[in-house]
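Have a look at the structure below, then the notes.
Excluded from the calculations below are hydrogen atoms, water molecules and symmetry mates; all remaining heavy atoms, backbone and side chain alike, are included.
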Amino acid sequence: FALVGAAIGYIAPEFWLGRKIKARSMGMVLQLPDALDLLTISVEAGLGFDAALAKVVEKMEGPLVDEFRQALAEVRMGRPRREALRDLASRADAQPVSNFIGAIVQAEQLGVPIAKVLQIQSNQLRIERRQRAEEAAAKAPVKMLFPMVGCIFPTIFIVILGPAIVTVMGG
């Protein structure tokens, strides 16, 4: 019992923490298009990138916004924006967030207008969101198959074959 308890005590926290990390990462990926839209609108309205990021932090909630808040606080304390954003990408552990941060850092280095980069990123993320939704919709029939086979079909067989079995047994 002690060995099984020790094994469970070692594996269960890793399993629990892994699920929390995956859920947080997925929350960031799902929240990124909305945050990016608000960021794009704010930059196009004339705000600087840092002010637009502050507007996103003010208006939204979630794991991605918490990371934006952390990066914004680091920039306000005097850390270069490039380093703060790169740290955000490493903490996020989500590929779309890393791609977005990479595009922003590269645009800043090359002198490309950030509004244009945000528009392109926003369009790309909308396309990816639509593709994820289509993929989930394509998986739905397969996921519905097992409950139908296990629950619905036996009931249908009982309703259809029940009277026939009663007639055969009575005759």
Under the side-chain contact (heavy atoms from CB on, under 4.5 Å) rule, what do Leu125 and Arg129 come out as? Steps first, then yes or no, please. CA-CA 6 Å; Leu125 285 174; Arg129 183 181 359 188; over 6 Å; no

Could you give me the CA-CA distance, side-chain angles and deciding distance for Arg132 and Val29, then say whether side-chain contact (heavy atoms from CB on, under 4.5 Å) is met? CA-CA 11 Å; Arg132 274 195 309 272; Val29 169; 3.8 Å; yes

For Glu74 and Gln70, what are the C-alpha separation, side-chain angles and deciding distance, and is it a side-chain hydrogen bond (donor to acceptor under 3.5 Å, both in side chains)? CA-CA 6 Å; Glu74 290 175 3; Gln70 171 93 19; 3.3 Å; yes

side-chain contact (heavy atoms from CB on, under 4.5 Å) for Phe146 and Val149? Distances and angles first, verdict last. CA-CA 5 Å; Phe146 296 113; Val149 168; 5.7 Å; no

Quick one, Lys59 with Lys55, criterion side-chain contact (heavy atoms from CB on, under 4.5 Å). Give me CA distance, side-chain angles, the key distance, then yes/no. CA-CA 6 Å; Lys59 298 288 182 186; Lys55 186 63 76 174; 4.0 Å; yes

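Pro154 and Gly150 make their closest contact through CG-O, 3.5 Å (heavy atoms, listed as atom of the first residue, atom of the second, distance). What you find for Arg82 and Val105 is that their closest heavy atoms are CG-CG1, 3.4 Å. In plain terms, the two heavy atoms of Met60 and Ala35 that are nearest each other are SD-CA, 3.6 Å. What you find for Ala103 and Gln121 is that their closest heavy atoms are CB-NE2, 3.4 Å. Residues Arg126 and Asp37 approach most closely at NH2-OD1, 3.0 Å, considering heavy atoms. For Ile104 against Val117, the heavy-atom pair with the smallest separation is CD1-CG1, 4.3 Å.
Summarising the local packing, CD of Gln109 is surrounded by more than 12 heavy atoms from other residues, nucleotides or ligands at distances under 6.0 Å. Atom CG of Leu17 sits in a crowded spot, with more than 12 heavy atoms from other residues, nucleotides or ligands closer than 6.0 Å.
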Ignoring hydrogens and angles, write down the donor-acceptor pairs under 3.5 Å from the side chains of residues 159-171, residues two or more places apart or on other chains.
| from | atom 1 | to | atom 2 | distance (Å) |
| --- | --- | --- | --- | --- |
| Thr167 | OG1 | Pro163 | O | 2.8 |

Listing, residues 90-98 side-chain donor-acceptor contacts under 3.5 Å, not counting sequence neighbours, or none:
| from | atom 1 | to | atom 2 | distance (Å) |
| --- | --- | --- | --- | --- |
| Ser90 | OG | Asp87 | O | 2.8 |
| Arg91 | NE | Glu67 | OE1 | 2.6 |
| Arg91 | NH2 | Glu67 | OE1 | 2.9 |
| Gln95 | NE2 | Asn99 | OD1 | 2.9 |
| Ser98 | OG | Ala94 | O | 3.2 |

Distance-only criterion, 3.5 Å: show the donor-acceptor pairs between side-chain atoms of residues 39-54 and protein atoms not counting sequence neighbours.
| from | atom 1 | to | atom 2 | distance (Å) |
| --- | --- | --- | --- | --- |
| Thr40 | OG1 | Leu36 | O | 2.7 |
| Ser42 | OG | Leu38 | O | 2.9 |
| Glu44 | OE2 | Gln119 | NE2 | 2.4 |
| Asp50 | OD1 | Arg81 | NE | 3.4 |

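In this structure, the side chains of Met28 and Leu32 stay at 4.5 Å or more apart for every pair of heavy atoms.
The residues Lys139 and Glu135 are annotated as salt-bridged, a charged nitrogen and a carboxylate oxygen being separated by less than 4.0 angstrom.
Hydrophobic clustering, with ILVMFWY side chains joined whenever heavy atoms are under 4.5 angstrom apart, keeps Phe100 apart from Met26. Both Val56 and Leu64 belong to a common hydrophobic cluster when Ile, Leu, Val, Met, Phe, Trp and Tyr are linked at side-chain heavy-atom distances under 4.5 angstrom. Taken together through direct or relayed side-chain contacts under 4.5 Å among Ile, Leu, Val, Met, Phe, Trp and Tyr, Val142 and Met148 form parts of separate hydrophobic clusters. Under a hydrophobic-cluster definition in which Ile, Leu, Val, Met, Phe, Trp and Tyr are linked whenever side-chain heavy atoms come within less than 4.5 Å, directly or via other members, Val57 and Val75 are assigned to different clusters. One hydrophobic cluster, built from ILVMFWY side chains closer than 4.5 Å, holds both Ile152 and Phe157.
With values rounded to the nearest 0.5 angstrom, Ile101 atom CD1 is found 11.0 Å from Arg86 atom CZ.
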